[in-house]
Structures are given as C-alpha cells and as structure tokens.
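This report concerns only the one structure given below.
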2 protein chains.
Amino acid sequence: MTATISREQQLNEAEAACLRRGAKLTPLRRQVLDLILASDSPVGAYALLDRLKADRPGAAPPTVYRALDFLLEHGLIHKVERLNAFIGCTESGHGHGHDHDHPHQFLICRRCGATVEIADHAVADAIAAAATRAGFTAVEATVEIEGICARCGTA
Amino acid sequence: MTATISREQQLNEAEAACLRRGAKLTPLRRQVLDLILASDSPVGAYALLDRLKADRPGAAPPTVYRALDFLLEHGLIHKVERLNAFIGCTESGHGHGHDHDHPHQFLICRRCGATVEIADHAVADAIAAAATRAGFTAVEATVEIEGICARCGTA
DNA sequence: GGCGTCACGATATAGTATCACGCGACGTGA
DNA sequence: TCACGTCGCGTGATACTATATCGTGACGCC
C-alpha cells in the first residue's frame, strides 16, 4: 500500500530506465507494473489479468505474460518462485540501477504474506563460494526465505 | 542413473526412517520414490504420473500428488521450485537422518539439467544472519543456484 | 511505397495442482 | 464381534499457471 505518489515516481523512473536501455514502457506494460507495485504482496499472473480486464476487456493470458516477460527482462520486477507470483523490484536506485540480474533474496512472511526484497552481500558471496567449491559456475540464484516477519512476530 | 542396488538401499533406508516416525512407506509411495530416485534430473509430477500409469492404469493426478506430499513431508524428496519438479534427498544419513527441513541448496545446470543438492553451512548461516538483521524469523529457505556444472563447463 | 520489426489481440492448448466424494482395509475399544 | 474412526487410495471434475500460434495494425527505415 505504498503511497500513490511514490508509485508514480517509480513508474517514471522505470520508464526512464527503459529508455536508457532502448526499450519502451508502453501503456500496457506500465499498467501491469503499476498493478504490481500497488500490491503489498506478490501478485499472480491471473490476478493481474483480472484487474487488467477492467480496463481492457480483451486481455488474455498472453497479454499479461508478455508484459511480465518484458518487466522481468528489464529488471523491473522479480518472480517469486515459491508463490508463482510477481513483485516489484525495490533494489533499484541503490547504486546499481535496474540491473537485469542483481543478486537479491526474498523474505516471505507465512502469516501475512508480505514479501520484502533484500540484497545481502554475505549471502550472495556465500552462494558464489559454495558453487565454486562444487566446480559450478553460478549465473543466477533464487533465494526465498520463508518465516515470520517482524510485524507478525511481535504482534 | 544411480546403480539399482544403491537405489534399493535408499528405498529400504527410507522405509526404516518412515517406520521410526510412525509412518508407512506404502507400495505406491515407494514406487513414486523409486521413480524419482531413478532419474538423474528432477522429475515433474506428470512425468511421474505417466510412468506410474504403466503399472497402475487408474493413476490420476491426486495419486501422484498425495504420494509426493507424503515424501516431501518426511524429507525423502525435495521440490525444485524453479523447475516445478521433484528430486530425491541426497543429504540423508550424513549425520542428521531424514530431517523434515534440513538446510540445503540446489545447483542446477542450465545445459544438462543435472541438479545436485548440497548442504553448505556458510550459506545457511549467512541466510539466517541476513534474516535476523531484518527482524525476520526464518523457518525455511529455498536456495536454487542456476549455472553451468563442472562437467558441462569443461566439455 | 515496400519492408522489417515490434506490440498486441485473439484462440487454443499445454502443464501444474487441488477439490470433493466414496470406498475398502485396518486397528481399536466397547 | 461389531461399531467406529482413521488412513490410503480410486475417480471425476475443476482450478490455476503458462505457452504456442496466427493475425493485424503502427512505426521507422531506406
């Protein structure tokens, strides 16, 4: 439930980031991104589709999946594998811009469903080291930590 | 492509582990576990179903999902979220038995699909520390590292 | 103006997972 | 021994997630 103003800013930054990369954040893509940013918790593709249909009666699964693919490709959102759902990338603008593949981890609350992204270097380093020890060349890692968030834990 | 003998041993160990926990590794569950252990790479539920049907023409999705749920619950297999597929737990008998939820990570080769389980303490510790720093109580973590395995990298 | 690319509409289908109902096998205690 | 409860599983339907394929209009580029 981020304030609307902040979301607008995020959208504009995202649009600028796309332009820099020679890509276009079309109205449809922008709308899908907005729907994702508007949600506290990760959103499923079909939930997005339903909301999209309010504005675009012709929307179908490929409509939303194509937008999601674009947003994923440009690092504007991430997929949470455990939930088969999508969430906005919140680690942009912290010095690395919208990287395609920046190391990140998720903290998923079992109680309230809130999911926050963190970017912990120690975790990323430990993963890289473990992979190397196994003779493995790591390209990308999914790290999804499930548990109880601070809010739910103290309540 | 583990040797048949070893698989047989694994199955018997699994059966013993279940008995210790007051659970039964029924023929169906044993067969599903066997099919999973027989595969090099993670196996999808419907691939299992197809193979199961050879023996049990009546097998349907719930047949295999129920067996998978049991095996997951008892720590005999893991689910690889990125692949929506299942793989045998290979970290049993290394001092902790078939824990319900032992820390583990997967190395998934993009080229050949081979997936190996590791149990790296440094990774687990880094994750626990990162969660704690965020005021989060971690219960369980999915760590799936995608890249190129040693075999494919040198070939 | 012809051409390629891109974004998107539209239909169909594939792949993953769960619900709901019922029934027979088994153990347990009255 | 029989009524009862639980468990494992069969069976059919359905929900949820994702992709394939074809068409079409907009745009930029020589």
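Proteins get letters first, then strands, A, B, ... in listed order; numbering begins at 1 in each.
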- What is the distance from CG of B:L52 to C1' of D:dG10, rounded to the nearest Å? 13 Å
- Message: Output the rounded distance in Å from CG (A:L83) to P (D:dA18).
- Response: 11 Å
- Query: Below 4.0 angstrom from OP1 or OP2 of C:dC8, is there any side-chain N or O of A:R56?
  - Reply: no
- A:L68 has an atom CG; how far is it from atom C1' of C:dA7, in whole Å? 15 Å
- Whole-Å distance separating the CG atom of B:L48 from the P atom of C:dT16: 11 Å
- When the distance from CZ of B:F70 to P of D:dC7 is rounded to whole Å, what number comes out? 12 Å
- Task: Treat each ILVMFWY residue as a node, draw an edge where side-chain heavy atoms are under 4.5 Å apart, and state whether B:L52 and B:L37 are in one component.
- Result: yes
- Query: Using a cut-off of less than 4.0 Å, is there contact between a side-chain N or O of A:T63 and OP1 or OP2 of C:dA10?
  - Reply: no
- Item | Short N-O contact, B:R66 and B:E73, less than 4.0 angstrom | no
- Query: Which residue lies toward the 5' end of DNA chain D, B:A23 or B:P57, if each is placed at its nearest nucleotide?
  - Reply: B:A23
N/O-N/O pairs, protein side and nucleotides 17-22 of chain C side, under 3.5 Å:
unit_1 : atom_1 : unit_2 : atom_2 : d
C:dA17 : OP1    : B:K79  : NZ     : 2.5
C:dA17 : OP2    : B:Y65  : OH     : 2.9
C:dA17 : O5'    : B:Y65  : OH     : 3.2
C:dA17 : N7     : B:Y46  : OH     : 2.5
C:dA17 : N6     : B:Y46  : OH     : 3.2

- Note on the structure: Rounded to whole Å, NZ of A:K24 lies from P of C:dT5 at a distance of 15 Å
- Which of these passes side chain to side chain contact (heavy atoms under 4.5 Å, CB included) with B:F86: B:V43, B:L71, B:L72, B:L35? B:L72
- Message: For residues A:V80 and B:V143: do they belong to one hydrophobic cluster (side chain heavy atoms under 4.5 Å, members Ile, Leu, Val, Met, Phe, Trp, Tyr)?
- Response: no
- How close or far is atom C1' of C:dG9 from atom CZ of A:R29, stated in whole angstroms? 14 Å
- Message: With a 4.5 Å cut-off on side-chain heavy atoms, are B:I118 and A:R133 touching?
- Response: no
- Could you check how far CG of A:L25 sits from C1' of C:dA7, rounded to whole Å? 13 Å
- Message: Could you check whether B:R110 pairs with B:E144 (Lys NZ or Arg NE/NH1/NH2 to Asp/Glu carboxylate O, under 4.0 Å)?
- Response: no
- Is there a side-chain contact between B:L107 and B:C149, using heavy atoms and a 4.5 Å cut-off? no
